Number of protein chains: 2
Amino acid sequence: MRETCVPTGVELKDTGFGYTLSLIGGKYKMIIMYWLSENKVMRFNELKRCIGTISFKTLSIMLKELEADGLIKRQEFPQIPPKVEYSLSERGLSLIPVLNMMCEWGEKNSLPALEAVKR
Amino acid sequence: MRETCVPTGVELKDTGFGYTLSLIGGKYKMIIMYWLSENKVMRFNELKRCIGTISFKTLSIMLKELEADGLIKRQEFPQIPPKVEYSLSERGLSLIPVLNMMCEWGEKNSLPALEAVKR
DNA sequence: AAATACACTCTCCTTTTGGTAAGTATATGA
DNA sequence: TCATATACTTACCAAAAGGAGAGTGTATTT
């Protein structure tokens, strides 16, 4: 019987792309990072308005996860009404080229785009 | 009141990275493509053995989706017992650099790796 | 005096995702 | 003759993800 291939049974999270995917796979996470890379600093409701289709709950969870993963920074100002500013961290910035590459591939290779080319 | 930012309400799927993510976000999809890029041509059970932790059902679904998205080719041989060969398509091949970039970023920036560096 | 804005949280619900285990039809090897 | 191999599919479940809508406390604006 043929031997099984070498790294059999490796968990997704233990591979490089699996780990990367676990950080940016959440819905809207890449979009949040995109907005932060464009605007540098943004507040919670500002992000909500920009993304539009995201719910409060999801935005809240995504921001917490991004912060826990060290991709964004959260600065809270002790004011009333409250003020919280989000921005990319160094680590988050280093991911932007990866996002750009995914973005470019997607724009060039999306099926709708391909159909538009055919016409 | 401040205007909302320009592309408000854009659905995830309609962005470049959102589209790319929808193609490779499924569990094990990137791993399947990795194996196909290494071995060129593989059969169903061969992939199953290599990946190890994937179930028949999930592998089956992922392969169908990858094929529907034009990332892999499926060739069926009318034999008994059956024989089916999977390989990357041109389009699938063009995604490999993206996977590589994600892989490299993940390996350099995974938290376990960072902890190992500290010691 | 009432509405609005800030940054969230909470509960309930639905959808999606993925896993387990068993089954299919047939041929080959022990 | 019986197990094993091929490439799957099907039914049933459990967990996770994400959405909807209401609520919180205070201050400014109308």
Side-chain angles (χ1 to χ4, degrees), chain A residues 1-4 9-13 18 21-32 35-36 39 41-69 72-87, chain B residues 1-5 9-13 18 21-32 35-36 41-69 72-87:
Chain A
M1 186 197 291
R2 199 179 315 152
E3 294 288 349
T4 55
V10 185
E11 283 295 323
L12 223 209
K13 301 267 170 136
L21 188 59
S22 74
L23 299 195
I24 61 175
K27 201 170 176 185
Y28 298 106
K29 271 187 182 173
M30 298 173 90
I31 290 187
I32 292 169
W35 278 108
L36 291 181
N39 293 5
V41 172
M42 293 180 80
R43 299 173 65 176
F44 186 90
N45 280 328
E46 195 180 359
L47 277 163
K48 169 84 170 78
R49 263 182 263 114
C50 285
I51 298 173
T53 51
I54 198 171
S55 67
F56 285 116
K57 182 197 163 191
T58 302
L59 178 56
S60 181
I61 290 172
M62 295 300 128
L63 287 171
K64 273 189 187 132
E65 290 181 358
L66 287 170
E67 194 197 357
D69 290 328
I72 66 173
K73 285 178 291 184
R74 186 189 119 106
Q75 193 179 3
E76 193 172 342
F77 296 84
Q79 304 180 346
I80 281 175
K83 173 175 172 181
V84 180
E85 289 185 346
Y86 295 92
S87 58
Chain B
M1 188 198 290
R2 200 178 315 152
E3 294 288 347
T4 54
C5 306
V10 185
E11 283 294 323
L12 225 208
K13 302 267 170 136
L21 188 60
S22 74
L23 298 195
I24 62 176
K27 202 170 174 186
Y28 298 107
K29 271 186 181 173
M30 298 174 89
I31 291 186
I32 291 170
W35 278 109
L36 291 181
V41 173
M42 294 179 80
R43 299 174 64 177
F44 185 91
N45 279 329
E46 195 180 359
L47 276 164
K48 170 83 170 78
R49 264 181 261 113
C50 285
I51 298 173
T53 52
I54 200 171
S55 67
F56 285 117
K57 181 195 161 191
T58 303
L59 179 56
S60 181
I61 290 173
M62 295 300 129
L63 287 171
K64 272 191 187 131
E65 290 181 358
L66 288 170
E67 193 196 358
D69 290 327
I72 65 174
K73 285 177 291 184
R74 186 190 120 106
Q75 194 178 4
E76 193 172 342
F77 297 84
Q79 305 179 345
I80 282 178
K83 173 176 173 180
V84 180
E85 288 185 347
Y86 294 94
S87 57

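What you are looking at is a predicted structure, and each value in this text was computed from that prediction instead of being measured. Lettering of chains follows the sequences in order, A, B, ..., and the numbering in each one begins at 1.
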Please find the pair of heavy atoms, one from B:Val41 and one from B:Glu46, that lie closest to each other, and give the distance. O-OE1, 4.4 Å
Where along residues 54-61 of chain A does a heavy atom come under 4.0 Å from DNA chain C, residue by residue in number order? A:Phe56, A:Lys57, A:Ser60
From B:Arg43 atom CZ to B:Tyr86 atom OH, the distance as rounded to the nearest 0.5 Å: 11.0 Å
Ignoring the backbone of A:Lys27, work out which of C:dC8, D:dT6, D:dG18 is nearest its side chain. D:dG18
Measure the NZ-OG distance between A:Lys48 and A:Ser55 for me, rounded to the nearest 0.5 Å. 7.5 Å
Nearest heavy atoms of B:Tyr28 and B:Thr58, plus distance in Å: CD1-CG2, 4.4 Å
Taking only the side-chain heavy atoms of A:Pro82 (C-beta and beyond), determine which of C:dC8, D:dG25, D:dC8 contains the nearest atom. D:dG25
Of the listed C:dA7, C:dC8, C:dA27, the closest approach to the B:Pro81 side chain comes from C:dA27
Think A:Arg49 has a side-chain N or O under 4.0 angstrom from the OP1 or OP2 of C:dA7? no
With B:Glu85 via side chain to side chain donor-acceptor pair (under 3.5 Å) - residues at least two apart: none
Have a look at A:Phe77 and say if it touches a base, only the backbone sugar-phosphate, or nothing, with a 4.0 Å heavy-atom cut-off. nothing
Whole angstrom is fine here: how far is it from CG in A:Leu63 over to P in C:dC8? 8 Å
Check the phosphate of C:dC8 against A:Arg43, side-chain N and O only, distance under 4.0 Å to OP1 or OP2. Yes or no? no
Could you check how far CD1 of A:Ile24 sits from P of D:dA17, rounded to whole Å? 16 Å
So, taking the atom named CD1 in B:Ile32 and the one named CD1 in B:Ile24, what distance separates them when rounded to the nearest 0.5 Å? 12.5 Å
OP1, OP2 of C:dT9 versus side-chain N and O of A:Lys64: anything below 4.0 Å? yes
Could you tell me whether the phosphate oxygens of D:dC8, OP1 or OP2, come under 4.0 Å of any side-chain nitrogen or oxygen in B:Tyr86? yes
